[in-house]
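Not measured: the values here are computed from a predicted model. Letters A, B, ... mirror the listed sequences (proteins, then strands); counts begin at 1.
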Number of protein chains: 2
Amino acid sequence: MKNVNLKHLAEELGLSIATVSRALQDSHEVSAATKERVRALAAELRYEPNAYASSLRRNQSKTIGVVIPKVTNHFFALAINGIEEAARQSGYHVLIYLTHDDYAREAAIIQHLKGGRVDGILLSVASGTEDIAHLESLQDANIPLVFFDRVRTEIATARVTTNDYESGYRATEHLLEAGCQHIAHLLISNSLSIGHNRHQGYLDALAAHGRPYDPDLVLAGTIDNQRNVQLIEELLRSRPDIDGIFASVERLAVGTYHACQQLGRRIPEDIKIVGFSNLESVSLFDPPLTTITQPAHDIGYEAARILLQAVEKKRAVLPSQSVVLDSELVQRRSTATE
Amino acid sequence: MKNVNLKHLAEELGLSIATVSRALQDSHEVSAATKERVRALAAELRYEPNAYASSLRRNQSKTIGVVIPKVTNHFFALAINGIEEAARQSGYHVLIYLTHDDYAREAAIIQHLKGGRVDGILLSVASGTEDIAHLESLQDANIPLVFFDRVRTEIATARVTTNDYESGYRATEHLLEAGCQHIAHLLISNSLSIGHNRHQGYLDALAAHGRPYDPDLVLAGTIDNQRNVQLIEELLRSRPDIDGIFASVERLAVGTYHACQQLGRRIPEDIKIVGFSNLESVSLFDPPLTTITQPAHDIGYEAARILLQAVEKKRAVLPSQSVVLDSELVQRRSTATE
DNA sequence: CTGTTAGCGCATTCAG
DNA sequence: CTGAATGCGCTAACAG
């Protein structure tokens, strides 16, 4: 089947390309009758405008790029869900890029996106990223950027996050109130905003309760999860006095769970765990895991809303548009999912 | 900062646009010296080609569309992971669209994609889809399509699936060998390939073991998972003789688990469950769930490979290129008991 | 080896 | 209200 384009329609209708184009965009300078004729034929021939020609001409792609570390983390899956919803509502398309927490990959992706493939970018920073020159250059290229979850405050733009500091504080307090004496904190890269903030909450909660801070009880996870479980086991073996664990990310929470089972530490009798997790099925773990659940869908949705608003009005995204949503500390009992 | 484009580079270098273009594409009809000069300036100015201009001209977008029911299902998250990997290796981009199992949405997405936004489509059919005219029209538009997981055999193209029939058979046999007398099957839409095939495996296993088929023991799930748990509970209440359940999709497997806990049915003493699931953390459920795990990443990767190969060679995708990968039946052991 | 020319399909001036 | 003409940025055919 021939590609049906404006020219095709125009010839068929005995009109000019310009008029057809205007009619399809519901321009007020086209007669109602003509509009109707054009639309009828377009519908009949199932005309679809060529998105790239249009993008080239208008200098906007109706597309946003989503750059995340991975998609197999339930937080990001939920966030994408929210992002896609917001995008669809505004007639935007969503390109997905995975960094696998690798700085080089993140930089390459960002660099490429400066070619105009997207009108804006949603980014959750890779844990391997230190240097942020690639992000600064986005400003020059005039491509709006909105951070979500894993942010960098050095870049002057909006950030959509959860109350990481408070969550870390409350998680730690929860363990303290449950009687824990030696609470370890497992985090990912401390250079990452979420790791840093959650850790600060942990520190302050300890201080507020007059507990000493023991650096040996802080473990920074790696990319490799097998290795993480090993590291956790080592930690637990070398410090049998640990009776509480705050795990800053899902992988580490689940890893801790595994490690405890492996070592025969009973939960929650011997050791109590609070972990970040957006996996609904943790409610089926037994013993149940106390979790901090983030409003992942809403984070994605909000971040996309902010970005799209800026894109549509061709305005910059301001740091003042940042949003902080609340996580929930949930002591799971059995509940229905979804 | 001004957008740096070919014209810009050409002026700066005192060359024609065409030469610059050729140099950047490493054309053999450009002198090495010129190439070097061009590349140096391009790198210095961080030139990024405008993808849409190139797409328009070449009539190919270097982009594939992935159309799936949802992303919050771990199977699809893993599949996307594989797809992104294959795409990146070939320099392709990935657009994500979610149907939420809604036919109208799927049709609208497919229709839109005929506008040339993508060079090919990977599709996992929505459970709400019956009519497939929208998919047939892709052939006319000359856009290659590869199905994965949820396929429709009426369309003559490649399908990447798991051995659903065998999995259903083995799951049922597993329950029979464990001594179950009344085995229920929970599936989604029977019009969906995976539901249909898994169900056929269930039926044949029953027959092979000389067991009668009781239609009352077959439950078709809905979109709404809350409702599914209710339906499962009703089924279990009305048929207390059920002592085995084969759940065809992750949601229903987890839902069954919930329902059993709710009703106080002990697993596996009172009732045994085998369910499809790609969620690694099911190993932490207690009592553990016997699962059928699909090679989700590989499915995505394979499907993308087949599609990209066709796209690059501008050849049609043939049904004969279909691939069937094997699922694994895993009896999880609770590590806590050791 | 390099430059000139001609579009890809569309949106938008500027004329009428 | 409609048409003719222009160019978005890039590639490719055709000259030289």
Tell me which of Ser31(B) and Leu56(B) sits closer to the 5' end of DNA chain C, going by the nucleotide each one is nearest to.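 Residue closer to the 5' terminus by nearest nucleotide: Ser31(B).
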
Return whichever of Asn50(A) or Thr19(B) has its heavy-atom-nearest nucleotide of DNA chain C closer to the 5' end.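 It is Thr19(B) whose nearest nucleotide is closer to the 5' end.
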
What integer distance in Å separates [X]:[atom1] from [N]:[atom2]?
X        : N       : atom1 : atom2 : result
Arg58(B) : dG7(C)  : CZ    : C1'   : 15 Å
Asn5(B)  : dG7(D)  : CG    : P     : 15 Å
Leu6(B)  : dG7(C)  : CG    : P     : 20 Å
His8(B)  : dC8(D)  : NE2   : C1'   : 17 Å
Asp26(B) : dA12(D) : CG    : P     : 14 Å

Contact summary for Gly82(A) and Tyr301(A), nearest pair of heavy atoms: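 Here Gly82(A) and Tyr301(A) meet closest at O-CD1, 3.4 Å.
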
I want to confirm an ordering. Mapping Ala18(B) and His28(A) to their closest nucleotides on DNA chain D, which one lands closer to the 5' end?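 With Ala18(B) and His28(A) compared, the 5'-side residue is His28(A).
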
Considering only heavy atoms and no angle criterion, is a donor-acceptor pair shorter than 3.5 Å present between the side chain of Arg22(B) and the base of dG3(C)?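 Pair found.
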
For a side-chain contact (heavy atoms from CB on, under 4.5 Å) with Tyr92(B), tell me which candidate from Asp119(B), Leu307(B), Thr63(B) qualifies.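 Of the listed options, the one satisfying the test is Asp119(B).
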
Applying side-chain contact (heavy atoms from CB on, under 4.5 Å), run through Val146(A) and Leu123(A) and close with a yes or a no. CA-CA 6 Å; Val146(A) 171; Leu123(A) 172 66; over 6 Å; no

Do Phe147(A) and Leu122(A) have side chains that approach each other closer than 4.5 Å (heavy atoms only, starting at C-beta)?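 Answer no - side chains too far apart.
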
Could you tell me whether the phosphate oxygens of dG3(C), OP1 or OP2, come under 4.0 Å of any side-chain nitrogen or oxygen in Ser16(B)?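 Yes, because at least one side-chain N or O of Ser16(B) sits under 4.0 Å from OP1 or OP2 of dG3(C).
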
Base, sugar-phosphate alone, or nothing: which one does Leu15(B) contact when heavy atoms must sit under 4.0 Å apart?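 The answer is sugar-phosphate, as Leu15(B) gets under 4.0 Å only of primed atoms, P, OP1 or OP2.
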
